[in-house]
There are 2 protein chains.
Amino acid sequence: MPRPSRWNEIIEAAAEAFRTNGFAATSLEDIASAVGMWKGSLYHYIDSKEDLLFAVVRGPAEEILNQLRELSETDLPPTEKIRRATRSHVQILNSNFVYASVYLQEIAGRRKLPEWTAMDREYLDLLESIVKEGVESGEFSAVTNPRVATLALIGSLNWLTHWYRPGGSLHADEIADQFCDLFLGGLITRKTKASRSQTITPLKTTKPRAKSTA
Amino acid sequence: MPRPSRWNEIIEAAAEAFRTNGFAATSLEDIASAVGMWKGSLYHYIDSKEDLLFAVVRGPAEEILNQLRELSETDLPPTEKIRRATRSHVQILNSNFVYASVYLQEIAGRRKLPEWTAMDREYLDLLESIVKEGVESGEFSAVTNPRVATLALIGSLNWLTHWYRPGGSLHADEIADQFCDLFLGGLITRKTKASRSQTITPLKTTKPRAKSTA
DNA sequence: AGGATAACCAAACGATCGTTTCATTTCGCA
DNA sequence: TGCGAAATGAAACGATCGTTTGGTTATCCT
């Protein structure tokens, strides 16, 4: 059997430990024993404990940002952009649940390394731009402060790591649709809930897909 | 000058350190030096490091729950209940910002001590009951899953600790009103945004106010 | 004034942590 | 088959952590 690369095992064990106990409260001993080796041997793969954290977190962080970048370059109506951005956010949280949870708990907020701060900022700005489009086009006339509305949406989405569990009774798609209806229903004023759930036509984009590290 | 009780200084220093660095990454040395004493001397006030965490967090956790309990016992319409619950949540986050941030980052989710889990659960259940009232009365007919809608609201509110800062340019009241409009606009279907911003009539309740630890 | 008690100093303890070092085993490949 | 590199074992290091201990100073009360 072509045993899966040891590196992946290490990253997964680290991610699981970081998620449940937090980065600072997780010892290299914990991770090493989870994959069945001595903690010193981990240094054949890493240079420091923080390397593990960044390795765990980089994949989904780049993926979720790239998807929003691609979406922003389309000329879909703001309503549909919000809908797709929400779905994309939920789905990445679903398929990379452990990694994304570690990111939100250990990177967003606490650690203020410029690399990650810039990514958070860009994601927020891109989403806010979509909301502003909707405001200027009159679709989102209920919004008085686009940034607050955007942060409300991001908050709902990121809080998923506190209660959603992949494989649970609630499916990611249902949750995403609920969120869309909730927020768009609040954003839209005139049109009486038309465009409720279009079939998802895949985004055709000229740029190559973001490479996934998973 | 009647110098403020040393205990309060300790708690505040601990809270600030826990918020910025996390509980596990904060040493008693950090806290001791912040109040100008030796770390061993802290044990005249505490029995363990975790005591500090619980002392920091207990006040606002009980206060926010008690306020929602009182509100739930009234017979206000669901719309108004949601509005007041949102305002109350934001205001406690505003006036006990550091303590509440520590709670959300260190207690909610991670530590699974039954005491705190029960409080989280009760808060969620109370809020969900309000949403269900609205669904049954027909006001919130857009909601297909009350729990998801409730968790979306809680997520937006709790995510405030990631971007809101007391004394910043955005006032807590404005944010609360924005959130209300956003969520109620999404929840309400028929009535065309009436009852937008009533003057806040204080809740008259027979029970004594929750004592504040601040 | 003086004694009890609270408040704090100062040092040390054992445990654990991240990391280093070097020896040993395992594996890919010519 | 054998050699070099990758992978892991095994032990130890220095630093730091939470906590304990015992002594010293300050404060309050009668």
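Small disclaimer: the values here were computed from a predicted structure and weren't measured. Letters A, B, ... are given to chains in the order of the sequence lines, protein chains preceding strands, and every chain is numbered from 1.
For the pair B:Ile46 CD1 and C:dA7 P, the computed distance is 14 Å after rounding to whole Å. When the P atom of C:dG18 is taken as reference, atom NZ of A:Lys49 falls 4 Å away, rounded to whole Å. Taking atom CD1 of residue B:Ile31 and atom P of nucleotide D:dG18, one finds them 8 Å apart after rounding to whole Å. Here the P atom of nucleotide D:dA7 and the CG atom of A:Asn8 are 13 Å apart, to the nearest Å. Following rounding to the nearest Å, A:Leu42 (CG) and D:dT8 (C1') show an atom-to-atom distance of 10 Å. Rounded to a whole Å, the CD atom of B:Glu29 is 15 Å from the P atom of D:dA15. Atom C1' of nucleotide C:dG18 and atom CD of A:Glu50 are separated by 12 Å, given to the nearest angstrom. When rounded to the nearest whole Å, the span between CG of A:Asp47 and C1' of C:dG18 equals 13 Å.
Residue B:Arg6 places none of its side-chain N or O atoms closer than 4.0 Å to OP1 or OP2 of C:dA6. Checking the phosphate oxygens (OP1, OP2) of D:dT8, no side-chain nitrogen or oxygen of A:Trp38 falls inside 4.0 Å. Between D:dT8 and A:His44, no contact under 4.0 Å exists linking OP1 or OP2 to a side-chain N or O.
Judged purely by distance below 3.5 Å, without hydrogens or angles, the side chains of B:Tyr164 and B:Asn94 pair a donor atom with an acceptor atom.
Set against C:dT19, C:dA12, D:dG9, the side chain of A:Met37 has D:dG9 as its closest nucleotide. Residue B:Leu28 places its side chain closer to D:dT19 than to any other of C:dA7, D:dC17, D:dT19. Minimum atom distance to the side chain of B:Ser48 is reached by D:dT19, of the listed C:dC8, D:dA12, D:dT19. Candidate nucleotides C:dG18, D:dT19, C:dC9 were compared by shortest atom distance to the side chain of B:Tyr43, and D:dT19 ranks first. The nucleotide whose nearest atom lies closest to any side-chain atom of B:Ser41 is, among D:dT8, D:dT19, C:dC9, C:dC9.
Here B:Ala118 pairs with nothing under the side-chain contact (heavy atoms from CB on, under 4.5 Å) rule; sequence neighbours left out.
Of the possible polar contacts, none joining the A:Thr74 side chain to the A:Glu70 backbone as a donor-acceptor pair under 3.5 Å is found. In this structure, the side chain of A:Arg87 does not engage the main chain of A:Cys180 through any donor-acceptor pair within 3.5 Å.
A pairwise comparison of heavy atoms in B:Val143 and A:Gln178 identifies C-NE2, 4.4 Å as the closest pair.
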